[in-house]
Amino acid sequence: MTDLFSTPRVEKLVPKYTRFIEEEILPVEMKLLDISDKDTHENLLVHLRVKAKNSGLWAPHLPQDEGGLGLDLVEFAQVSEVMGTTPFGHYIFNCQAPDIGNMELLESYASTEIKSNFLKPLQEGKIRSCFSMTEPEHAGSNPKYLSTTAIKQDGHYVINGHKWFTSSADGASFAIVMAVTNPKAESPYERASMIVVPTDNPGFELIRNIPIMGEEGAGYVSHAEIKYTNCKVPISNLIHKEGQGFMLAQQRLGPGRIHHCMRWIGIAERAFDMMCKRAVSRKISSQEVLSDKQTIQNWIAESRTEIDAARLMVLHAAAKIEKQGNKAARVEISSIKFYVANVLQQVLDRAIQVHGALGITDDLILSWWYRHERGARIYDGPDEVHKSVIARAILKDYQTK
């Protein structure tokens with residue numbers, strides 16, 4: 001938390017979230033990471049979610065009249081950092097990706113019917129959802145390039161296509177699917193639409209959970225490959241208007257990148273804390289500990305500086321989104337996306353190195369994060385795309401001078 005962006009609500013809530021995580025989640029964290037017994041895993045999560053709701057910490061991003069705490073984006077970002085210190089923090093408080101992005105999307109653009117059938121139970125934590133856009137046959141960095149189609153037929157859309165990295169599809173109740181509805185539209189940005197598809201639809205097939213560096217995952221902690229075969233849903237399941245899928249994706253991604261980046265900062269803070277504790281306690285001789293070595297001191301200094309800089313960058317971007325909207329903050333959003341993802345990777349790598357062989361075992365949480373967060377530099381736009389966005393915006397100003 002930084003005083004520059006703090007508010008009375010943040011100052012009140014951060015200690016409450018910290019205490020809940022330390023007292024309720026961290027003691028069972030390693031048990032939560034063990035998904036070999038799926039029923040025990042799910043039951044424990046449900047138990048913690050009920051406790052979170054009863055503690056008045058449920059859905060901080062939602063308006064108060066919808067069961068949340070009514071935090072704005074800058075306030076939520078600071079709370080999100082605290083939740084990010086444990087892999088299930090956001091899930092237990094019902095503000096996890098991809099559900100939080102889907103909630104925001106449906107709240108702003110869905111029909112009353114969709115809100116009643118899908119948004120409301122999602123906000124209440126009764127169901128989960130997933131977001132189905134990326135296709136294995138095409139570059140995920142170009143969402144205009146899609147093969148999945150949704151063709152109108154007798155008052156329905158018939159969807160056919162192949163998706164993957166549909167995160168958390170295992171156990172989800174519905175997917176938001178991006179599919180081409182207007183292939184002849186003059187602008188490539190107006191060819192796709194977003195459509196709600198219940199996962200119990202006969203045309204929805206979860207082929208597999210994709211192994212991530214050897215770990216298949218399950219339930220909320222998974223990334224699925226999906227096949228849509230003559231998947232028929234009512235036209236009323238359309239979100240907003242036809243041809244607006246790309247616009248909706250952009251609206252979803254702006255705040256979503258704030259959510260991700262603050263979660264990564266929370267991870268980096270936890271890894272930093274572990275690294276420092278290890279450095280001062282690990283003896284390398286009868287008279288020396290790791291922290292006596294200049295290389296370790298350099299890593300600690302660099303990590304502290306990088307994390308603090310990343311936090312300020314993200315909160316500045318969040319404030320700009322709040323005041324001026326996603327489009328005005330486009331460069332700031334791209335900047336934090338690649339910068340914070342790289343800070344996360346560097347801090348995790350240093351923490352693992354300081355722990356030596358212990359760091360690469362599953363006895364600590366560092367290895368779990370190393371596996372699952374390497375994708376931070378790929379999903380929601382790879383580093384290279386974001387750097388290109390920034391450079392083009394800068395050079396455009398020079399070219400007009």
Side-chain angles (χ1 to χ4, degrees), residues 1-6 10-11 14-15 17-18 21-22 26 29 74 77-87 89 257-258 260-319 332-361 363-377 383 386-387 390:
M1 189 173 69
T2 174
D3 292 341
L4 185 62
F5 292 95
S6 188
V10 169
E11 291 174 3
V14 163
Y17 280 103
T18 301
I21 289 169
E22 290 177 350
L26 294 186
E29 183 178 67
V74 178
Q78 294 169 86
V79 169
S80 185
E81 176 185 336
V82 180
M83 296 179 192
T85 58
T86 181
R257 285 166 181 156
I258 299 293
H260 278 311
C261 286
M262 290 307 290
R263 180 174 61 82
W264 297 338
I265 291 170
I267 296 170
E269 281 287 8
R270 175 95 179 271
F272 178 79
D273 181 62
M274 293 174 69
M275 174 170 62
C276 291
K277 287 177 178 175
R278 177 73 170 185
V280 299
S281 63
R282 183 63 168 177
K283 288 187 175 183
I284 51 177
S285 73
S286 60
Q287 296 180 325
E288 287 184 303
V289 291
L290 277 172
S291 61
D292 293 327
K293 298 301 181 182
Q294 191 172 22
T295 294
I296 306 300
Q297 294 170 3
N298 287 344
W299 289 348
I300 290 169
E302 289 163 359
S303 297
R304 180 70 276 154
T305 304
E306 289 161 358
I307 294 169
D308 289 348
R311 178 184 296 108
L312 288 171
M313 285 178 67
V314 178
L315 293 177
H316 172 255
E332 287 81 1
I333 292 169
S334 283
S335 295
I336 63 171
K337 173 58 177 63
F338 87 80
Y339 182 79
V340 182
N342 277 270
V343 168
L344 171 63
Q345 295 301 313
Q346 290 164 355
V347 174
L348 277 175
D349 192 69
R350 291 169 188 149
I352 288 172
Q353 195 72 10
V354 169
H355 281 82
L358 176 62
I360 60 172
T361 72
D363 290 353
L364 298 179
I365 198 169
L366 294 172
S367 62
W368 192 92
W369 271 324
Y370 200 77
R371 282 194 299 274
H372 289 275
E373 300 300 343
R374 176 57 182 84
R377 294 181 52 213
D383 288 2
H386 288 291
K387 290 177 182 178
I390 297 165

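The basis for the numbers below is simple: all heavy atoms, side chains too, and nothing from hydrogens, waters or symmetry mates.
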- Message: If I take atom CD from residue Gln78 and atom CD from residue Glu11, how far apart are they, to the nearest 0.5 angstrom?
- Response: 9.0 Å
- Query: Say you draw a straight line from CD of Gln345 to CG of Asp383; how long is it, rounded to the nearest 0.5 Å?
  - Reply: 9.0 Å
- Item | Side chain Thr361, main chain Leu358, donor-acceptor under 3.5 Å | yes
- Message: Looking at every non-hydrogen atom in both residues, tell me the closest pair between Gly84 and Trp369 and how far apart they are.
- Response: O-CZ2, 3.9 Å
- May I ask you to say whether Glu332 pairs ionically with Lys337, meaning some side-chain N is under 4.0 Å from a carboxylate O? no
- Query: Which atom names give the shortest non-hydrogen contact between Glu29 and Thr86, and what distance separates them?
  - Reply: OE2-OG1, 2.6 Å
- Item | Whether Ser285 side chain and Glu288 backbone form a donor-acceptor pair below 3.5 Å | yes
- Query: If you take all heavy atoms of Leu348 and Ala271, which pair is closest and at what distance?
  - Reply: CD2-CB, 4.0 Å
- Item | Nearest non-hydrogen partners of Ala268 and Leu344, listed with the distance | N-CD1, 4.2 Å
- Student check: side-chain heavy atoms of Ile390 and Phe338 closer than 4.5 Å: yes
- Query: Under 6.0 Å from the CZ atom of Arg282, do we count more than 12 heavy atoms belonging to anything else shown?
  - Reply: no
- Message: Just so I know, are the side chains of Gln353 and Thr295 near enough to count as touching, which here means a heavy-atom distance under 4.5 Å?
- Response: no
- Sole residue of Ile296, Asp349, Leu366 in side chain to side chain contact (heavy atoms under 4.5 Å, CB included) with Val354: Ile296
- With Glu81, the side chain to side chain contact (heavy atoms under 4.5 Å, CB included) member among Ile307, Ile265, Leu315: Ile265
- Is any NZ, NE, NH1 or NH2 atom of the basic residue among Asp308 and Arg311 found under 4.0 Å from an Asp or Glu carboxylate oxygen of the other? yes
- How many angstroms lie between CE in Met83 and CD1 in Ile21, if you round to the nearest 0.5 Å? 7.0 Å
- Message: Checking His260 against Arg263: is there a side-chain donor and acceptor pair closer than 3.5 Å?
- Response: yes
- Heavy atoms from other residues, nucleotides or ligands near NE2 of His316 exceed 12 (cutoff 6.0 Å): no
- Task: Rounded to the nearest 0.5 Å, what's the gap from CD on Gln346 to CD on Glu302? Could you check?
- Result: 8.5 Å
- Correct closest heavy-atom pair for Thr85 and Gly266 would be CG2-O, 3.4 Å
- Item | Minimal non-hydrogen separation, Ala318 against Val74, with atom names | C-CG2, 3.7 Å
- When rounded to the nearest 0.5 Å, the distance separating OG of Ser303 from CE of Met275 is 3.5 Å
